[in-house]
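First up is the structure itself, then whatever we jot down about it.
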Amino acid sequence: MLLLVFAALTMGVATDSISTRTLSETSVEATATVVRTSTTTATPQQSLHSEALQRLGITEVGEALKLMNGISVKDYGGLGGMKTVSIRNLGATHTGVLYDGIPVSNAQAGQIDVARFGSQQLSEIRLGIGTSSDLLTPAAVDCYSGLISLTSQSSNLFCASYGSWNTLNAMTSFAWKNGLSAHTNYRHTDGNYPFTLNNGDKKLNERRHNGRVDDLNTELNYHKGCWQIKGAGYFNDRRLPGSVVLYNYETHEHMREANGLLQAKYQREFSRHWTLVIRTKYNHAMTHYNDGQQQPTETASVQHVYNYRQNEYYGSAGAMKSLEAGPIRVRFSLLYDVLLASLHSNLSTAHSVQRTTHYGVLRTDASYRKYQIQGGLLYTISSEENRNHSAWSPTIAASVPLWSNPDHDVRLRWMSRVAFRLPTFNETYYYVLGNHNLNPEKAREHNIGLTYSGSLRQIRMSATADVYHYRVKDKLIAFPTAFAWKVGNLGEAVSQGIEVSTHILFPVPHCPMELSANYQLQDTRNLDNPQNPNTYRKPLPYMPRHTANGMLIIRTPWLNVGYSAQWTSERYSSTMNTFRYRLEPFSEHSISVSRNWKWLELQATVQNLTDEQYSLIQYYPMPGRQYRISVRIRH
Amino acid sequence: MKKLSLFVSIFACLFASCSDDDEVSVKNGDYTPKSEAVILYEGSYGHNNSDLTEFRKGEINADVYYQANGQYMGDTGQDIIEVKDTYYVSVHGSNYVCKLNEDTFKEECRQTVNQPRYLASDGKYLYVSTYQSKVLKLSLTDLSLQAEVGVGSYTEGLAIEGNYLLAANSDYGYGNTVTVIDLTTFEAVQDVTVPNNPSTLLATGTGKVLVKTTAYTSDYSSAISTISSIDVNNRFQVETVEEASHMTLSADGKYVYFANCVPDYPTYTYETSFFKYDLQKKAVSSEPVFANDTISAKLSDISLYLFAVNPKNGEIFVGTSDYYTNSVLYVTDRKGSSWVSYSDIGGVNASKAIFD
């Protein structure tokens, strides 16, 4: 039903228009909308502003990303659980994350757990599929298939919320006139939520165990003129409930993380034509993991406690040259990044490993009236111990107006690129899993789409429809064997799909409304090993054919209402599409109501309104209905 | 615009052309097996997908535990044995041992056991190895705990030879002992030193117990398994027998059939060979396990997981595993002349067959 509503909305787009007359992405941002789908860029770009997050009662980046198109959030169990983001089913290791313009990296696992980022201190969450339209984006992120950009804000604010299962979230931030700002965010949950367990023909009422999470995030920022400096600390202590094992709910896994970073960015326009950017970062991360198993005897040799320390030194420098001649504008940029990452652990196979990666990228874009073309060529070379990797990653994208007048703007966009990712430290060195002879995983990506923006009687509207085809070669796959897990460049997969999104702004007096809806039809199949009929051309696990989501924000002088919904069709946890691996379709609805006074806002949120029982990963049940009350004080 | 429409149409066809059907087992070969068997499949770790397949008159009936009990068996079905017309099953991840009715597969009773592994029985009691450094002695009637004995770490296979119960202490790859337990007193009487990482044990009924040990190559690109023999009647002396990863007794008990499945992890390929070992002559027989070259060639690159011989009629059961999808089953007559294969045995990691 929800899907039909979304589809109907999407089909109705063609009657309206918007007066976006400039080509730059920033022109769209200048509007009052809080949910944005860019129609002027050559590649799909979406963003959620802090106000949308606030109206929808969202406190975690992972929850916000579930409302964007073209991505799937792998959620290992809701509250405090690990959340990784896969763009167009390529896997989380193909997704880059930028925090205030500097890459967040994890050379050990290769994927970023976005659950660590609270959303209350952010001004914007942006998702870019393909390449960024900002020519000064760090070179190191050009190898990714998509990029999540998180931008923090400085304000004088105190927020606190309390909800189901003793879930507490408190954030305070201060901003001074001299450019300094600070914020601290503390989160806690008991994580012991009830869930329905389907065991064959039986439905059992169970409860998650060992799900307690505490984390503290603190930052000190300096942002003035050309300088942006950040010092941050992150501490996390969490129990891991793990997957539900039938008849055996004992779990004692425990993990502690500590992370400290210092980063700086200097960006200056020396003239109308020249811009310089320099970035640097030092990051230190410690992870302590205990699998909770007891040694059966004093002499037993199995390791149960794992300690990891990662150090990262990052530097980046680049310049952009802009040229304008009448309606023609051409820009070039050249950036060089270097990342030195090291991992120290108590593993016998990887006491200390180190990798140096150099990235060099040449980017250009050119525009003539509403015609736009964009290109980039990234060269990456990495070295560690006795092995080196290198790869070229070219990108080309274009946006062409098909029909344009002051009220309607229809464009065709196209993108082709090659993305890749390096093997992670875990894939290379982790015990017997590791394989020292791995090659980078490569993805060839093609996207073609139509965008529309326009307005009709002050109703502003935008819509996009994209078709994509991705093919991954040398896919890095961990496969179990009779003796141990191993990693190999064994996979080949094809991912193709259609994405449709629409956004409508109704400027009703005293009651402006914003509606956003997305739909994706996708198909991702394994192309490895044609001799194996059980896997060849079979859908990869956890790939729903259909997904849709939407959100509605209504602002009135008395109350603000935010409503969001997601719907996902059936999917399977294995390439075998049998009843054992089938995950039921689900829809989740959330509503949030808030009231503002001058400096005070009170909010009540109900997540998973219908108490839907579902899992995104099989045997990692998600929480049912949950309540939360929040207070925000601006000071 | 026409080109765009064409592109979209082609794309739509791509989606339309893909259909997903439930897995159906396809038979290949003209042999009709006579065996009646129950096959245990472990499932894949964390998926709660272990169960049993009933094999009758050449036909496969999967998920019989679920069909009989309306609930799933759980995570990692580790072992199954038949004692006095009753099945006993250990389910490692789900922490229990249960007793099943042989005709209906209905669960009759269950005992919670922390990380159970393999089972053995002398007809009086059920013995269970565990990852808790203990071997348990349970009642065959109600699975109540009768006694327990301390052994090494992460104990795997069990075998009964004479009045001794032997337990392989793997210590997750670091162990090198087999504990000998006197069944009269149920006390550990000796730790026998064997090569590193002992796992499977096979009682031959000749006073010797065969033990499989596994070592990795230095770069972990492969694994080499070796079979040694422990002479129960001769002060538990150990001698190396052959290089092999799987073993099973022939129907007449004169031979051990060995299989050696050697992986090459970087390419994810396997080289698998089969041979007969004469227990009396202590030598490899010149007679092949499979007389038919076609089946011999078919099995030469499989990832072997199940290897069993029906002691009543000598039929040979071979099961594969890719660790993700359901195992393939090959069944041959006793000489390996005629064969049939089933593309889908019903579950992932089929590991053991027991015969009626």
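Chain letters run A, B, ... following the sequence lines, proteins first and then strands; every chain starts at 1.
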Gap separating the [atom1] atom of [X] from the [atom2] atom of [Y], nearest 0.5 angstrom:
{"X": "A:Y536", "Y": "B:T325", "atom1": "OH", "atom2": "OG1", "result": "15.5 Å"}
{"X": "A:S574", "Y": "B:H47", "atom1": "OG", "atom2": "NE2", "result": "6.5 Å"}
{"X": "A:T578", "Y": "B:N326", "atom1": "OG1", "atom2": "CG", "result": "6.5 Å"}
{"X": "B:Y72", "Y": "A:N198", "atom1": "OH", "atom2": "CG", "result": "8.0 Å"}

Exam field: side chain B:N95 to backbone A:N248, donor-acceptor pair closer than 3.5 Å: no
Polar side-chain atom of A:N199 near backbone of B:Q71 as donor-acceptor pair, under 3.5 Å: no
Chi angles and distances behind the side-chain contact (heavy atoms from CB on, under 4.5 Å) call for B:N48, A:V245: CA-CA 7 Å; B:N48 295 306; A:V245 176; 4.0 Å; yes
Note, [X] side chain near [Y] side chain (heavy atom, < 4.5 Å):
{"X": "B:D63", "Y": "A:R580", "result": "yes"}
{"X": "A:D201", "Y": "B:Y66", "result": "yes"}
{"X": "A:M576", "Y": "B:Y324", "result": "no"}

Closest heavy-atom pair and its distance - A:L246, B:S94: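 Shortest heavy-atom separation between A:L246 and B:S94 comes out as O-OG, 2.7 Å.
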Closest heavy-atom pair and its distance - A:S243, B:G46: OG-O, 4.2 Å
So with a 6.0 Å cut-off around [atom1] of [X], is the heavy-atom count from everything else above 12?
{"X": "A:R582", "atom1": "CZ", "value": "yes"}
{"X": "B:E271", "atom1": "CD", "value": "no"}
{"X": "B:K134", "atom1": "NZ", "value": "no"}

Please look at [X] and chain A and tell me whether the side chain, the backbone, both or neither of the residue comes under 4.5 angstrom of a heavy atom of that chain.
{"X": "B:T155", "result": "neither"}
{"X": "B:N114", "result": "neither"}
{"X": "B:V348", "result": "side chain"}

Plane angle bin for A:Y247 and B:Y96 - parallel if under 30°, tilted between 30 and 60°, otherwise perpendicular: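 Geometry flag for A:Y247 against B:Y96: perpendicular rings.
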Heavy-atom contact with chain B under 4.5 Å, split by part of A:Y249: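 Contact with chain B is absent: no heavy atom of A:Y249 under 4.5 Å.
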